[in-house]
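Okay, structure first, notes after.
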Amino acid sequence: MPNLPPEQDKVQVSVEGRELSSLMVTREVSRDFFAITPAYRRVLLILGVVFLAGIIAIILRFVDGFGVSERAQWGYYSAMFAFLLITAGSAPLVAVAFRLTKNHWRRPFSRISELYAVVGLLSLLWFLPLMALLPPIEGRKTLWVSSNFVGAPLWWDLFAVMFLVICGLGLLVLSAIPDAALLARTGDGGVRSRVLGAVAGFWRGTDAQWRWHRLGLTALGAFYFMLLIMVQTLINVDFVMSLVPGWKDSIMPAHQALAGLQTALGCVLVGAFILRATGRYRDLIPMESFWAISKILLALSLLWGYFWFAGLITFWYGRTPVEQNVLRTFMFESYRVPFLLNFFLSFLVPFVLLMWNPVRKSVIGPTIAGASVIVGAFFMTVRLYVPAFGIEDITSHGLATVPLPIVPDVLDVFIILGGLAGAGLIYMLAIKIIPIMSIWEIKEGLLYQRVRPLLRSRYLVLGKPD
Amino acid sequence: MTTQSVLALYTNADYAAEAGEALDNAGFAKEDYDFLTDTPYPEGAFGERHSSHRLYVFPFVGALIGLTTAILLTAGTQISYPLVTGGKPILSIPPMAIITYEGTMLGAILFTIIGIIFESRLPSAKKRIYDDRITEGYIGVVVDCEEDQVNTVEQILTQAGAHEVRREEA
């Protein structure tokens, strides 16, 4: 093996990409991390202003009325919470799942996905007012059997969301320790370097440290996955199904959890695309990564269609008055427009796009499909949570009539925009505390990937150490 | 006699592994030296180094504590206020399962975090020898030895192809 200095020891890990070295990765990420550009400040300012407008809209909504009897006008607020949970709550799973399965293509996506854990803080705050809006469980069918259960359902819902956020942040911090130590040592000596040094200065990258780092990530990742599915199920049952008299559906909570997995991929794809589009990390996020993740997105989109059909068919053939009214409310009458948008954007658009290999084998194709499923998931939360919050008599035996749709007013629009801007703002702030590229994982990828010639062409050869 | 830390930098992982072998052959224990890298190398890449850890014990203990607490909480409150609702048993498993699951997860997560802190021996105020070039891809081999062994160690590390060798009081 040639004894080259690290700056000259370059490897090509993408057929169309340029050669990379460990030093290049360090320098590129470090330079971007410490730079606070005018464009970055402008984005922060815009997001901050829109977020502030959203907070003002929430305050005005409070003034309008806040309580169980006024919950109908908080439907879009609850939908926004569900959307944050489905998207940002699920996004860290991309890093967890593909790290567990030891994919190499996931390396550029890992930190993009883990960083969504910080949005969990906003989800947690967003959830607090909902605790006062959920009606008591006396006299209606719920998962909890009786109100005798201590803390049921609100406190256990809160704890579930809180534990998910704690686990996600733990995962993010643990994953970022080696990079934080690296940036502290290669940084500009400013405040951020010193803070990172204080937090991660103990890290030297010994055998033992890498071992507990890997084991910790595995354990916390597994717990995150186990928690996420439970939280999605619990929130869906308590904030949607149990508010609709007579709605008994075992597929709906699983459908929301699946939508979360699907949008997790969408969030990561859109994040990675924006990074590339702004001219950064083009060599660190190769097209091959988009291509690989698009296949998973295609499979999950097909699964979305299957779950929807499986849920529909039971009610369609059952045809009891309650089942007919549930279908009319959530799909075919009151909320037909959000349903159709949900169906097209979560299923048809990604399916039709990603069934073509030339589309999958690109950067823009999977990104469009990813953006589509994110918007589709938003309309899914609208068509589920808004009508559920709008039903007045929740203690009757069944849904006797089809409720009229609740059209968003100006405050609802600002609440939604504020929620989205708040999520973006937190994420943007976080990327200047924790680097958006997982430096140690990308460097690890340099050990196991090589582009090598075979006959008349060149191919990526992968090493699988365990 | 003071203990010294000797750090050698290698531009090539092969040479670092050879340095480890040479230290083994010279009679140094595995615990006396370590490899510093900016990315995780596969286990055994620098020679087999078996070291025990107890990280897996922590989540299991935490999960057990969380599960027990949650069962006691749910069963205790139900038995203390036995109200039959909708013909369901006093100790209804589905709602209990939610709380016991949450309790188990919380215990496991908290104990995993405690386990990571414990296994990493944090907090550690002591500043250990390091070279920033390791962040650029150099491999560090650090040896803790007695003062009278420093010259031997430096010679071994240099012969293995070290780019640079330096020492510091441990």
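Naming convention: chains lettered A, B, ... in sequence-line order (proteins, then strands); numbering from 1 in each chain.
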Taking side chain as C-beta onward, heavy atoms only, is [X] less than 4.5 Å from [Y]?
X        : Y        : answer
B:Asp34  : A:Asp207 : yes
B:Glu102 : A:Leu234 : yes
B:Met105 : A:Met230 : no
A:Trp212 : B:Ile116 : yes
B:Tyr56  : A:Leu215 : yes
B:Pro42  : A:Tyr448 : yes
A:Arg214 : B:Glu43  : yes

Check whether [X] gets within reach of chain B through its side chain, its backbone, both or neither, counting any heavy atom under 4.5 Å.
X        : value
A:Gln209 : neither
A:Leu182 : both
A:Ile442 : neither

Item to check | Pair B:Glu136 + A:Arg185, salt bridge at N-O below 4.0 Å | outcome: no
Just by distance, do the side chain of [X] and the backbone of [Y] share a donor-acceptor pair under 3.5 Å?
X        : Y        : result
B:Thr39  : A:Trp440 : yes
B:Tyr101 : A:Met226 : yes
A:Arg204 : B:Thr37  : no

Part of [X] within contact of chain A (heavy atom distance under 4.5 Å):
X        : value
B:Asp38  : both
B:Ile129 : both
B:Thr112 : side chain
B:Leu36  : both
B:Tyr41  : both

Checklist entry - When you look at A:Trp144 and B:Ile99, which way does the side chain to side chain contact (heavy atoms under 4.5 Å, CB included) test go after all the steps? => result CA-CA 10 Å; A:Trp144 300 92; B:Ile99 297 170; 3.9 Å; yes
Checklist entry - Atom CG in A:Leu143, atom CD1 in B:Ile98: separation rounded to 0.5 Å? => result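 Output value for this atom pair is 3.5 Å.
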Item to check | Inter-residue atom distance B:Arg133.CZ - A:Thr186.OG1, 0.5 Å rounding | outcome: 14.5 Å
Checklist entry - If you tally heavy-atom pairs under 4.5 Å against chain A, which of B:Thr74, B:Leu110, B:Ile109 wins? => result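 Most pairs with chain A among the choices: B:Ile109.
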Item to check | When B:Ala108, B:Pro94, B:Ala63, B:Pro59 are compared by non-hydrogen pairs under 4.5 Å with chain A, the top option | outcome: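 Counting heavy-atom pairs under 4.5 Å, the top option is B:Ala108.
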Checklist entry - Do other residues, nucleotides or ligands put more than 12 heavy atoms under 6.0 Å from B:Ile93 CD1? => result no
Checklist entry - Most heavy-atom pairs under 4.5 angstrom with chain B, which of A:Thr233, A:Leu227, A:Thr26, A:Ile166? => result A:Leu227
Checklist entry - Under a 4.5 Å heavy-atom cutoff, which of A:Trp210, A:Phe163, A:Tyr224, A:Phe223 has the most pairs with chain B? => result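 Ranked by heavy-atom pairs under 4.5 Å with chain B, first place is A:Trp210.
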